[in-house]
Amino acid sequence: MGETKEEEEQYGYDLFPERKAEKFKGGSIGKSLFTFNHKCQVMLQIAVDTSPYAKLLLNAMKSSGCKVFKDRHFSCEDCDGTVSGGFDAASSQIVLCQNNIHQQSHMTRVVTHELIHAFDHCRAHVDWFNNFRHLACSEIRAANLSGDCAFRNEAARFNFGFKQHHQECVRGRALRSILAVRNISRKEAEKIVDEVFDTCFNDHAPFGRIPHSKKDAGFAYRDYENRDRYYANL
């Protein structure tokens with residue numbers, strides 16, 4: 001990508017060591033990584049074929065003129081141990097951390113989370129590198145709509161039981177994501193998240209609602225697929 005070491009750290013590329021120029025020179029992944037990579041590819045295929053979250057987002061992107069191709073727009077790679085995935089706006093690729101994703105449910109959440117970033121990149125022309133508010137808004141939306149903060153997932157983390165927990169979970173996860181990829185203070189990041197939170201939390205596109213479960217996402221996908229039929233009957 002041509003970034004300096006300082007720029008890699010500033011934009012979070014140091015968390016994704018395979019995002020180096022050498023990775024795209026045509027060599028194959030080492031044989032020792034074959035099993036991780038193959039498992040990642042299989043779980044990715046299952047996610048895009050079966051998850052109503054992913055299917056809705058992929059259809060919405062296609063309708064917005066940003067059709068997603070699995071081999072072009074997804075990349076299974078080894079990453080830093082602290083991250084599960086990322087959206088590389090410079091290459092319009094979703095990175096899936098094959099060394100950190102071991103369960104199908106985790107893969108589906110990561111694919112959904114990163115597809116929300118890709119959807120925002122498609123529809124809103126997000127300035128990922130220079131506008132922290134744009135980044136914060138997309139992180140809020142991704143945490144809110146991907147199932148990251150669903151009660152079942154939070155209960156597994158032993159985080160539950162207080163009022164408005166979903167909103168606090170979304171706020172906290174967005175804040176951590178920003179701090180992981182941008183070299184700014186926690187105080188500054190909190191201020192940015194607070195400034196855009198209400199607007200971005202209430203932006204549910206393309207779901208039309210907060211899909212709190214796979215069942216909710218299924219209803220949202222059905223409604224999205226039937227939207228033209230409703231318009232035709234008006």
Side-chain angles (χ1 to χ4, degrees), residues 12 15 43 47-48 50-58 60 79 81-87 94-97 100-121 123-124 126 128 132-182 186 189-221 223-224:
L15 300 175
M43 289 194 296
V48 299
T50 66
S51 166
Y53 292 91
K55 288 162 69 175
L56 193 159
L57 285 160
L58 289 168
C79 309
T82 62
V83 293
S84 299
F87 177 68
I94 289 171
V95 181
L96 301 170
C97 298
N100 298 329
I101 302 174
H102 305 295
Q103 296 179 328
Q104 185 61 51
S105 59
H106 188 192
M107 172 63 80
T108 299
R109 286 200 309 277
V110 174
V111 167
T112 302
H113 184 110
E114 302 307 336
L115 277 173
I116 292 168
H117 290 322
F119 175 78
D120 289 347
H121 185 68
R123 69 160 185 162
V126 179
W128 301 97
F132 289 165
R133 286 169 179 79
H134 285 187
L135 173 64
C137 189
S138 192
E139 290 295 355
I140 290 165
R141 282 176 30 76
N144 189 26
L145 301 174
S146 66
D148 284 347
C149 289
F151 179 80
R152 182 177 62 181
N153 295 325
E154 280 297 276
R157 303 178 188 117
F158 301 101
N159 294 328
F160 48 84
F162 60 90
K163 190 176 181 180
Q164 291 189 316
H165 175 72
H166 181 77
Q167 289 93 326
E168 292 304 315
C169 172
V170 169
R171 190 186 301 272
R173 292 184 71 83
L175 180 63
R176 289 194 295 275
S177 292
I178 294 166
L179 290 172
V181 298
R182 294 295 182 270
R186 184 178 184 89
E190 287 175 343
K191 180 175 183 291
I192 293 166
V193 168
D194 286 344
E195 286 174 352
V196 302
F197 188 83
D198 287 345
T199 298
C200 301
F201 182 82
N202 289 303
D203 179 0
H204 302 151
F207 292 93
R209 70 191 80 183
I210 299 175
H212 289 289
S213 65
K214 184 176 180 179
K215 185 176 181 179
D216 284 346
F219 287 137
Y221 177 60
D223 291 346
Y224 185 86

* Run the side chain to side chain contact (heavy atoms under 4.5 Å, CB included) check on I140 and V193 step by step: do they pass? -> CA-CA 8 Å; I140 290 165; V193 168; 4.2 Å; yes
* To do: Compare every heavy atom of I94 with every heavy atom of A118, then report the nearest pair and how far apart it is.
  => CB-CD1, 4.4 Å
* Asked: Can you tell me if W128 and H121 form a side-chain donor-acceptor pair at under 3.5 Å?
  -> yes
* Nearest heavy-atom pair of D203 and R141: which atoms, and what distance? -> O-NH1, 2.8 Å
* Residues which pass side-chain contact (heavy atoms from CB on, under 4.5 Å) with Q104, listed by chain and number, not counting sequence neighbours -> M43, I46, A47, M107, T108
* What orientation do F201 and H204 show, parallel under 30°, tilted 30 to 60°, or perpendicular over 60°? -> perpendicular
* Asked: L115 and side chain to side chain contact (heavy atoms under 4.5 Å, CB included): which partner among V110, D120, L57?
  -> L57
* Go through the structure and list residues passing side-chain contact (heavy atoms from CB on, under 4.5 Å) with D194, not counting sequence neighbours. => R171
* **Spacing of CD belonging to E139 relative to CG belonging to D148, to within rounding of 0.5 Å** => 9.5 Å
* K55, NZ atom: more than 12 neighbouring heavy atoms under 6.0 Å -> yes
* **Set of residues satisfying salt bridge (Lys or Arg N to Asp or Glu O under 4.0 Å) with respect to R209, sequence neighbours excluded** => D223
* Structure fact -> Value for CD1 (I116) from CZ (F207), rounded to nearest 0.5 Å, stands at 5.0 Å
* Search all heavy atoms of G147 against all heavy atoms of R109 and return the closest pair with its distance. => O-CD, 3.8 Å
* If every non-hydrogen atom of G86 is compared with every non-hydrogen atom of E114, which pair is closest and at what distance? -> C-OE1, 3.3 Å
* Spacing of CZ belonging to R173 relative to OG belonging to S177, to within rounding of 0.5 Å -> 7.0 Å
* Structure fact -> dist L135:CG -> I178:CD1 (nearest 0.5 Å) comes out at 5.0 Å
* **Nearest-0.5 Å distance, CG of residue N202 to CD1 of residue I210** => 7.5 Å
* Asked: Which pair of heavy atoms, one from T112 and one from S51, lies closest together, and at what distance?
  -> OG1-OG, 4.3 Å
* To do: Ignoring hydrogens and angles, tell me if any N or O in the side chain of Y53 forms a donor-acceptor pair with the backbone of Y221 under 3.5 Å.
  => no
* Asked: Between atom NE2 of H102 and atom OG of S84, what is the distance when rounded to the nearest 0.5 Å?
  -> 9.0 Å
* Asked: When the ring planes of H212 and H166 are compared, do they come out parallel, tilted or perpendicular, using 30° and 60° as the limits?
  -> perpendicular
* **For the student: nearest non-hydrogen atoms of P206 and F119, plus distance** => CD-CE2, 3.8 Å
* To do: Examine distances only and state if a side-chain atom of N100 and a backbone atom of V83 form a donor-acceptor pair shorter than 3.5 Å.
  => yes
